[in-house]
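Below you'll find the structure, written out as structure tokens, and then a few comments.
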Amino acid sequence: MSPEQELYDYFYAECLKLRPKSTFDYLPGEKEKVDYPIICVGNVSTLSSATKLRIGGTYTIDIDVWGTRKQRIDVAELTDKIYSLIKPGIIKTANYQFYAYFGNQQKQLSMDTSVPNTVYHRGALTLELKQF
């Protein structure tokens with residue numbers, strides 16, 4: 001399995017532990033019934049690198065937490081719980097090890113009004129990990 005897929009699977013499984021019925025690999029549509037706050041484990045991107053001995057890279061994964069206009073604290077707390085998954089610094093999957101440099105992590109809490117007459121709170125994480 002590729003390092004991207006293992007990293008994605010790791011975060012998806014960990015998010016399922018936090019919100020078993022509210023973790024998705026896509027952003028549910030307006031008409032879907034969901035139990036907010038929800039977690040959307042999104043894109044993984046790779047910036048490859050190589051040395052004489054091995055090929056590795058830097059991997060970035062996007063994870064969003066969405067909640068209703070009354071769930072700002074819930075969104076903030078859930079976003080922090082997901083962010084804390086990288087606090088040990090090293091993430092081990094079945095075939096790879098990744099290191100999280102804390103200076104490269106991004107966390108943002110914002111209000112989203114892109115859906116007419118609706119306000120959502122959004123926690124956006126962009127986590128960067130290097131394979132070693």
Side-chain angles (χ1 to χ4, degrees):
M1 188 178 305
S2 72
E4 295 89 353
Q5 189 62 49
E6 283 197 27
L7 192 61
Y8 181 91
D9 290 350
Y10 169 83
F11 280 104
Y12 193 84
E14 292 299 315
C15 289
L16 275 175
K17 291 176 188 175
L18 296 171
R19 297 285 295 164
K21 295 181 180 178
S22 298
T23 296
F24 299 91
D25 58 358
Y26 65 97
L27 188 58
E30 285 181 58
K31 296 182 179 172
E32 289 185 64
K33 297 270 186 194
V34 296
D35 181 25
Y36 287 97
I38 64 169
I39 301 169
C40 180
V41 182
N43 299 326
V44 179
S45 59
T46 305
L47 180 60
S48 298
S49 64
T51 66
K52 290 180 184 179
L53 302 175
R54 66 183 187 98
I55 296 174
T58 301
Y59 302 90
T60 304
I61 185 164
D62 297 319
I63 302 174
D64 293 318
V65 177
W66 294 87
T68 66
R69 67 181 177 88
K70 295 182 179 182
Q71 292 180 313
R72 189 195 187 294
I73 270 194
D74 298 326
V75 168
E77 289 175 350
L78 191 51
T79 301
D80 282 341
K81 286 179 183 176
I82 298 167
Y83 181 76
S84 72
L85 294 172
I86 63 167
K87 284 187 179 170
I90 296 175
I91 292 175
K92 294 180 182 180
T93 63
N95 299 298
Y96 304 97
Q97 289 187 49
F98 302 92
Y99 183 79
Y101 292 97
F102 290 103
N104 296 356
Q105 310 311 318
Q106 296 178 35
K107 177 171 57 168
Q108 180 181 14
L109 296 172
S110 61
M111 289 178 52
D112 184 286
T113 57
S114 61
V115 177
N117 304 314
T118 307
V119 174
Y120 291 104
H121 285 284
R122 178 183 180 201
L125 292 168
T126 301
L127 305 176
E128 184 178 297
L129 299 106
K130 294 188 185 273
Q131 179 187 346
F132 68 96

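Hydrogens, waters and symmetry mates are skipped; everything else that's a heavy atom, side chains included, is used. These figures come from a predicted structure and were not determined experimentally. Heads up: numbering here begins at 1 and tracks the sequence.
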Hey, quick one: are L109 and I82 part of the same hydrophobic cluster, counting side-chain heavy atoms closer than 4.5 Å, chains of contacts allowed? yes

Any side-chain donor paired with an acceptor under 3.5 Å for T68 and Q71? yes

What residues form a side chain to side chain contact (heavy atoms under 4.5 Å, CB included) with D80, not counting sequence neighbours? K107

Aromatic ring centroids of Y120 and Y36 under 6.0 Å? yes

M1 vs T93, test: side chain to side chain contact (heavy atoms under 4.5 Å, CB included). Steps then yes/no. CA-CA 11 Å; M1 188 178 305; T93 63; over 6 Å; no

To the nearest 0.5 Å, what is the distance between CG (N104) and CG (L127)? 11.0 Å

If you take all heavy atoms of V115 and D112, which pair is closest and at what distance? N-OD1, 4.4 Å

Enter the distance from T79:OG1 to I39:CD1 here, rounded to the nearest 0.5 Å. 8.5 Å

With clusters defined by side-chain heavy atoms of hydrophobic residues (ILVMFWY) lying less than 4.5 Å apart, directly or transitively, does L16 cluster with I91? yes

To the nearest 0.5 Å, tell me how far T46 OG1 sits from E4 CD. 3.5 Å

Is a donor on one side and an acceptor on the other found under 3.5 Å between the side chain of E6 and the backbone of N95? yes

Say you draw a straight line from NZ of K130 to CD1 of I90; how long is it, rounded to the nearest 0.5 Å? 14.5 Å

Is it the case that the side chain of Q131 and the backbone of Y96 share a donor-acceptor pair, with hydrogens and angles ignored and the cut-off at 3.5 Å? no

To the nearest 0.5 angstrom, please state how far the OG1 atom of T113 sits from the CZ atom of R122. 12.0 Å

Please assess D25 against V41 for the test side chain to side chain contact (heavy atoms under 4.5 Å, CB included), listing each intermediate value before the final yes or no. CA-CA 5 Å; D25 58 358; V41 182; 5.8 Å; no

Would Y12 end up clustered with I86 when hydrophobic side chains under 4.5 Å apart are linked, directly or stepwise? yes

What is the minimum heavy-atom distance between V75 and G123, and which atoms define it? CG1-N, 3.5 Å

Ignoring hydrogens and angles, tell me if any N or O in the side chain of S22 forms a donor-acceptor pair with the backbone of D35 under 3.5 Å. yes

Correct closest heavy-atom pair for L27 and W66 would be CD1-NE1, 3.4 Å

Interatomic distance, OG@S45 vs CD@E128, rounded to 0.5 Å, equals 8.5 Å

Would Y99 and I61 show up in the same hydrophobic cluster when neighbours are defined by side-chain heavy atoms closer than 4.5 Å? no

F98, Y10, Y8 screened by ring-ring contact (aromatic ring centres under 6.0 Å, His included) with Y59, the one that passes: F98

For G29, does its backbone N or O pair with a side-chain atom of E32 as donor and acceptor, under 3.5 Å? yes

Is there a side chain to side chain contact (heavy atoms under 4.5 Å, CB included) between L18 and T23? Walk through the geometry before answering. CA-CA 8 Å; L18 296 171; T23 296; over 6 Å; no

If we ignore hydrogens and angles and just use 3.5 Å, is the side chain of H121 paired with the main-chain N or O of M111 as donor and acceptor? no

Shared ILVMFWY cluster between F102 and L125, side chains joined below 4.5 angstrom? yes

Going through the checks in order, is the side chain to side chain contact (heavy atoms under 4.5 Å, CB included) test met by F11 and D62? CA-CA 10 Å; F11 280 104; D62 297 319; over 6 Å; no

Give a yes or no on this: more than 12 heavy atoms of other residues, nucleotides or ligands lie within 6.0 Å of atom CZ of R19. yes

